[in-house]
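Have a look at the structure below before the remarks.
Note that this is a predicted model, so its numbers are computed, not measured.
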Amino acid sequence: RRMRENAAAKRAIAAAAAAMVADGETLMLDTGTTTAWLARALARHRRLTVVTNSTDIARLLAGGEGNRVHLAGGLLRPDSAAAFGAEALGFLARFRVGLTVISAAALDALGVLDSEADEADLARVMLEAGERRMVVADASKFSRPALARVAGYGRLTDLVTDAAPPLTAACFLAAEL
């Protein structure tokens, strides 16, 4: 169901983000519908090294030509088919990648939020691992409420979305990115 929500926007975001990824790059991708669309868009790339907590993303990218996929273990949540918990956090913290891409439950004037504390914890660890740090999110995420703060815009190098943010977020983005 979530994959169908704003699917055209998510596909466009995924295509734009995939265009920013070179063959042979090292990536870390979190679980989410927009990152799942990104994994599909990356299927044409070669020799990617991908680190993820998502079994769906791992499955999509493991079959690519010359791709290598590292999949975090931990508590597998059936709603997302992704691993969370101390095991996943420890596994992810071992890596350093060229680009981390995370999704977001919400974007407010101050930055990125997630709906669950464990998802926010995982996103923060992933952001620490990336030389470049990208958030992919459709415009419906702006000013949507969410529980857990992930990071301010100053921690990001890229934000890929399908529409301009509201003025309050745009002011922070201009100052931070």
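Between the side chain of D56 and the main chain of A81, no donor-acceptor pair closer than 3.5 Å is present. Between the T161 side chain and the A137 main chain, a donor and an acceptor come within less than 3.5 Å of each other. In terms of modelled atom types and a separation under 3.5 Å, the side chain of D162 and the main chain of A9 share no donor-acceptor contact. Looking only at distances, no side-chain donor or acceptor of H70 sits under 3.5 Å from a matching main-chain atom of V50. A donor-acceptor contact shorter than 3.5 Å links the side chain of R133 to the backbone of R155. Of the possible donor and acceptor atoms, one in the side chain of S54 sits under 3.5 Å from a partner among the backbone N and O of I57.
Atom CD of E87 sits in a crowded spot, with more than 12 heavy atoms from other residues, nucleotides or ligands closer than 6.0 Å. The environment of R68 atom CZ is sparse: at most 12 non-hydrogen atoms of other residues, nucleotides or ligands sit within 6.0 angstrom.
Looking at D118 and R77, their side chains come closer than 4.5 Å, going by heavy atoms from C-beta outward. T55 is listed as a side-chain neighbour of L76, based on a closest heavy-atom distance under 4.5 Å.
Y153 is connected to L127 through a chain of hydrophobic side-chain contacts under 4.5 Å among Ile, Leu, Val, Met, Phe, Trp and Tyr, so both are in one cluster. Following chains of ILVMFWY side-chain contacts shorter than 4.5 Å, one can reach V112 starting from F142, so the two form part of one hydrophobic cluster. Hydrophobic clustering places V136 together with L99 (ILVMFWY residues linked when any side-chain heavy atoms are closer than 4.5 Å, directly or through intermediates). Cluster annotation: V135 and V125 are assigned to the same hydrophobic cluster (Ile/Leu/Val/Met/Phe/Trp/Tyr, side-chain heavy-atom contacts under 4.5 Å, transitive).
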For this session: May I have the step-by-step check of side chain to side chain contact (heavy atoms under 4.5 Å, CB included) for V97 and E131, ending in yes or no?
Result: CA-CA 6 Å; V97 295; E131 291 176 31; over 6 Å; no
Problem set entry | side chain to side chain contact (heavy atoms under 4.5 Å, CB included) between V21 and L27, worked out | CA-CA 9 Å; V21 175; L27 302 135; 4.0 Å; yes
Exercise. Could you go step by step and tell me if N67 and T49 meet the side chain to side chain donor-acceptor pair (under 3.5 Å) rule?
Worked result: CA-CA 6 Å; N67 291 345; T49 299; over 6 Å; no
Exercise. When you look at E119 and R124, which way does the salt bridge (Lys or Arg N to Asp or Glu O under 4.0 Å) test go after all the steps?
Worked result: CA-CA 9 Å; E119 292 180 22; R124 281 192 294 277; over 6 Å; no
For this session: Check step by step if side chain to side chain contact (heavy atoms under 4.5 Å, CB included) holds for M134 and L159.
Result: CA-CA 6 Å; M134 178 187 295; L159 172 63; over 6 Å; no
For this session: For N53 and L71, run side chain to side chain contact (heavy atoms under 4.5 Å, CB included): C-alpha distance rounded to whole Å, both residues' side-chain angles, the deciding distance at 0.1 Å, then the answer.
Result: CA-CA 6 Å; N53 69 317; L71 179 60; 5.7 Å; no
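Looking only at atom types and distance, the side chain of D138 has no donor-acceptor partner in the side chain of T34 under 3.5 Å away.
Residue T35 holds its OG1 atom at 11.5 Å from CD1 of I13, rounded to the nearest 0.5 Å. One finds the CG atom of L42 at 10.0 Å from the CG atom of D23 (value rounded to the nearest 0.5 Å). Taking CZ of R47 as the start and NE2 of H45 as the end, the distance is 10.5 Å to the nearest 0.5 Å. In this structure, R40 CZ and L61 CG are separated by 11.0 Å, a value rounded to the nearest 0.5 Å. How far NZ of K10 is from OG of S103: 9.0 Å, rounded to the nearest 0.5 Å.
Applying side chain to side chain contact (heavy atoms under 4.5 Å, CB included) to L122 and the options L89, I102, T31, V150 leaves one that passes, L89. Considering V51, L29, D121, L92 in turn, L92 is the only one that fulfils the side chain to side chain contact (heavy atoms under 4.5 Å, CB included) rule with M126.
The minimum heavy-atom distance between A105 and K141, with the atom names listed, is O-CD, 3.3 Å. The minimum heavy-atom distance linking A17 with L38 is given by the pair CB-CD1, 3.9 Å. A83 approaches G73 most closely through the heavy-atom pair CB-O, 3.5 Å. For A120 against A148, the heavy-atom pair with the smallest separation is CB-CB, 3.6 Å. Considering every non-hydrogen atom in both A7 and W37, the closest pair reads CB-CZ2, 4.2 Å. What you find for F84 and A82 is that their closest heavy atoms are CD1-O, 3.6 Å.
Looking at R144 and D108, no side-chain N of the basic residue comes within less than 4.0 Å of a carboxylate O on the acidic one, giving no salt bridge. A salt bridge between R132 and E25 is present, with a side-chain N of the basic residue lying under 4.0 Å from a carboxylate O of the acidic one.
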